[in-house]
2 protein chains.
Amino acid sequence: MSDASSAIERFSRYQSDDAQSVEPVHCPVRDVLDCIGDKWSILMIMTLATRPRRFSELHRAIRDISKRMLTQTLRDLERDGLITRHVFPTKPPSVEYCLSPLGQSLLDPMASLIDWADRRYSDIHAARVRFDRAPCDVPRQ
Amino acid sequence: MSDASSAIERFSRYQSDDAQSVEPVHCPVRDVLDCIGDKWSILMIMTLATRPRRFSELHRAIRDISKRMLTQTLRDLERDGLITRHVFPTKPPSVEYCLSPLGQSLLDPMASLIDWADRRYSDIHAARVRFDRAPCDVPRQ
DNA sequence: TAGGGTAGGTCTCACATAGAGACTTTAGAG
DNA sequence: CTCTAAAGTCTCTATGTGAGACCTACCCTA
């Protein structure tokens with residue numbers, strides 16, 4: 001278990017009032033969110049973790065994404081250099097997506113997040129049940 | 001640098017075709033996304049990492065969130081047991097939010113993601129510039 | 001005693017984003 | 001001669017998000 005304080009300290013430096021008022025200091029949390037902070041990116045990267053996949057393979061693997069968002073998410077990840085796109089000149093042409101080295105470098109930090117989810121999900125689930133069962137005894141205002 | 005293969009293997013087991021068709025296997029990636037996969041949660045948790053904060057402090061720290069989304073994000077995080085909410089009976093009442101132990105346990109994995117962003121952001125930025133400069137030489141279809 | 005400020009929200013409306021599903025092109029299979 | 005498949009694009013509709021007015025209760029100042 002590593003120590004989170006350095007990342008937290010960097011982030012809070014960004015958040016100080018003068019940092020916000022003068023110039024947009026480079027915030028690593030915003031950077032992460034900018035790349036993978038949307039609905040599908042993390043799922044996409046994990047799906048490509050084991051091997052390259054073609055468009056419709058990805059669609060079958062993540063059944064609840066629309067083609068529209070699949071296209072858009074892949075394009076954004078390609079733009080950020082996390083995946084690469086290869087067109088094979090078959091008829092009809094087939095397109096393969098795979099993680100770039102940069103995308104692969106994301107797997108380790110992502111894995112630690114997944115491990116967290118795996119270990120803690122039962123706690124989260126329990127908290128939800130507790131919260132949903134007692135909606136009225138805490139008046140909001 | 002830890003080894004991501006175990007998390008990847010767990011995830012790909014979830015994604016196999018029979019897993020999807022028969023019953024919804026418990027997928028840790030979906031679990032993560034379910035809790036912190038929205039626009040503001042990660043930012044909120046990082047803002048609460050150093051110390052508890054009150055509603056309007058949070059609003060000042062994250063200036064581009066609306067009150068509406070601030071309320072909703074805090075409620076969702078509270079529901080998941082990641083933060084706790086304390087009302088102090090002052091007049092008018094003040095409300096303090098702070099990370100629960102469960103929320104604090106998220107800081108380590110999140111820090112590894114932030115470290116990644118810090119180290120790799122220049123690569124991502126370079127990839128973006130490259131992509132945006134060559135929009136036409138790769139016909140999509 | 002009227003007016004203004006503060007705290008933590010809620011409410012409504014307008015706009016931006018996401019999803020569903022039809023449509024496209026080219027070729028091979030039956 | 002029709003059907004299917006590939007990798008998308010396009011349009012329409014549904015959902016999510018943001019802006020900002022409003023609320024309640026109290027304190028302070030004039």
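In what follows, chains carry the letters A, B, and so on, assigned in the order in which the sequence lines appear, proteins first and then strands, with residues in each chain numbered from 1.
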For atom CG of L74(A) and atom C1' of dA6(D), their distance in whole Å: 15 Å

For DNA chain D, what residues of residues 41-50 of chain B have any heavy atom nearer than 4.0 Å? none

Restricting to salt bridge (charged side-chain N to carboxylate O under 4.0 Å, His left out), what partner residues turn up for [X], sequence neighbours left out?
X: D118(B); result: R10(A)
X: E96(A); result: none
X: D76(B); result: none

Listing request: all salt bridge (Lys or Arg N to Asp or Glu O under 4.0 Å) pairs with a residue in residues 44-54 of chain B, at least two apart in sequence or in separate chains. R51(B)-E57(B)

Counting distance only, does the side-chain N/O of S100(B) pair as donor-acceptor with the main-chain N or O of L82(B) below 3.5 Å? yes

Once side-chain contact (heavy atoms from CB on, under 4.5 Å) is applied, do any residues pair with R120(B), and if so which ones, sequence neighbours excluded? L102(A), S105(A), W116(B), D123(B)

Of all residues at least two apart in sequence or in a different chain, which pass the side chain to side chain donor-acceptor pair (under 3.5 Å) check with T50(A)? none

Residue list, side chain to side chain donor-acceptor pair (under 3.5 Å) with Q104(B), at least two apart or on another chain: none

When every nucleotide of nucleotides 12-19 of chain C is labelled 5' to 3' by its protein contacts under 4.0 Å (heavy atoms), B for base, S for sugar-phosphate only, - for none, what sequence of letters results? B-----BB

Side-chain N or O of R85(B) versus OP1/OP2 of dG9(C): is the shortest distance under 4.0 Å? yes

